[in-house]
Amino acid sequence: MIRDQMLAAGDDIDSLPEREVFYLLRGKPIGKCKICLVHGSFFETIKVEQLIQQAFGQVLDERLAEEDLDISDELRNLMVRVFSRQDSFSRVRHVDRATVKLRFRIMTEAKKEGNIFNATIYPEIENDTISLVIPCVCQENLAVRLEHLKQAVSTSELDQGKQFVIMHPFNGDYHVLSFPIRNVP
């Protein structure tokens, strides 16, 4: 869908072969506020196709067990592979003689390990702060990212921020630059 929107807007979809995605999130614990700009890798711990494939494999295995059916590993793997693309589910299906159209949707829901606002798992992200959360791929990469930060934020502002590392249970370390915010409604 995003690809089609980019093409319709006249964008060259190959201009940046790899893009980084960030999510702007706002959490409101009672009487407090947390705002985070989080790198997309914090949430995408495995590729979407792999997620769908493994989930569909679980559904298939459950149904086969319930029906007391046995199929070959080759057939099972083929079925799981065939139903591993999200676009297979997102289309509206028209069935002859049916008075309704059918669309399957894949819904996701965050586990507690993927909730940056979970104070038990990420206590370093304090209330009433605004934080930038970026992956620590390697020290050299982090140095490059910090240089980019210095272009966007003055050195004195950067010095006012608190820098620390949080450990994501599935995706390793993330560098956090956090600033206090005051008088948030």
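Counting begins at 1 with the first residue of the sequence. Treat the numbers as computed from the prediction; the structure is a model and nothing was measured.
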Closest non-hydrogen contact found for V176 with S131 is CG1-CB, 3.9 Å
### Query
Counting only N and O atoms by type, is there a donor-acceptor contact under 3.5 Å from the side chain of Y174 to the main-chain atoms of V38?
no
For V165 and C136, the nearest pair of non-hydrogen atoms, with its separation, is CG2-SG, 4.4 Å
Note to self: Assigning hydrophobic clusters by single linkage (Ile, Leu, Val, Met, Phe, Trp, Tyr; side-chain heavy-atom cutoff under 4.5 Å), is V95 placed with F104?
What the structure shows: no
Heavy atoms of C36 and I125 approach each other most closely as SG-CG2, 4.0 Å
Taken to the nearest 0.5 Å, the spacing of S41 OG from F170 CZ works out to 14.0 Å
**Check: Y122 ring centre within less than 6.0 Å of F42 ring centre** = yes
**Asked** Is I166 reachable from Y23 through a run of hydrophobic residues whose side-chain heavy atoms are each under 4.5 Å from the next?
**Response** yes
With E126 as partner, the option from K162, K32, K34 fulfilling salt bridge (charged side-chain N to carboxylate O under 4.0 Å, His left out) is K162
request  = Look at atom CZ of F83 and say whether more than 12 heavy atoms of other residues, nucleotides or ligands are closer to it than 6.0 Å.
outcome  = no
Side chain D173, main chain M167, donor-acceptor under 3.5 Å: no
Original post:
Side-chain heavy atoms under 4.5 angstrom apart, residues restricted to Ile, Leu, Val, Met, Phe, Trp, Tyr: same cluster for V80 and L64?
Top reply: yes
Handout entry: Greater than 12 external heavy atoms within 6.0 Å of E74's CD
Key = no
Contact between I35 and L24 at the side-chain level, heavy atoms closer than 4.5 Å - yes or no?
yes
Output for pair (Q58 CD, E62 CD), nearest 0.5 Å, gives 6.5 Å
Value for CG (N127) from CD1 (I181), rounded to nearest 0.5 Å, stands at 9.5 Å
Other residues, nucleotides, ligands: >12 heavy atoms within 6.0 Å of F22 CZ
yes
Here the gap from Q53 atom CD to M79 atom CE, rounded to the nearest 0.5 Å, amounts to 13.0 Å
Tell me if the CG atom of D70 is crowded by more than 12 foreign heavy atoms within 6.0 Å. no
Counting neighbours of CZ on R105 that are heavy atoms of other residues, nucleotides or ligands and sit closer than 6.0 Å, is the number greater than 12?
no
To the nearest 0.5 Å, atom CZ of R81 lies from atom CZ of F56 at 12.5 Å
Cluster question for you: counting only ILVMFWY and a side-chain heavy-atom cut-off of under 4.5 Å, with indirect links fine, are L132 and L25 together? no
Note to self: Measuring only between side-chain heavy atoms, which start at C-beta, is N115 closer than 4.5 Å to I121?
What the structure shows: no
Residues T129 and S178: closest non-hydrogen pair is CB-OG, 3.4 Å
Do E113 and T45 come within less than 4.5 Å of each other through their side chains, counting heavy atoms only?
no
Test side chain to side chain donor-acceptor pair (under 3.5 Å), reference H39, set E44, E20, H175, output is E20
If you group Ile, Leu, Val, Met, Phe, Trp and Tyr by side-chain heavy-atom gaps below 4.5 Å, do F164 and I134 land in one group?
no
For this session: May I have the step-by-step check of side-chain contact (heavy atoms from CB on, under 4.5 Å) for K112 and T120, ending in yes or no?
Result: CA-CA 9 Å; K112 64 181 180 179; T120 304; over 6 Å; no
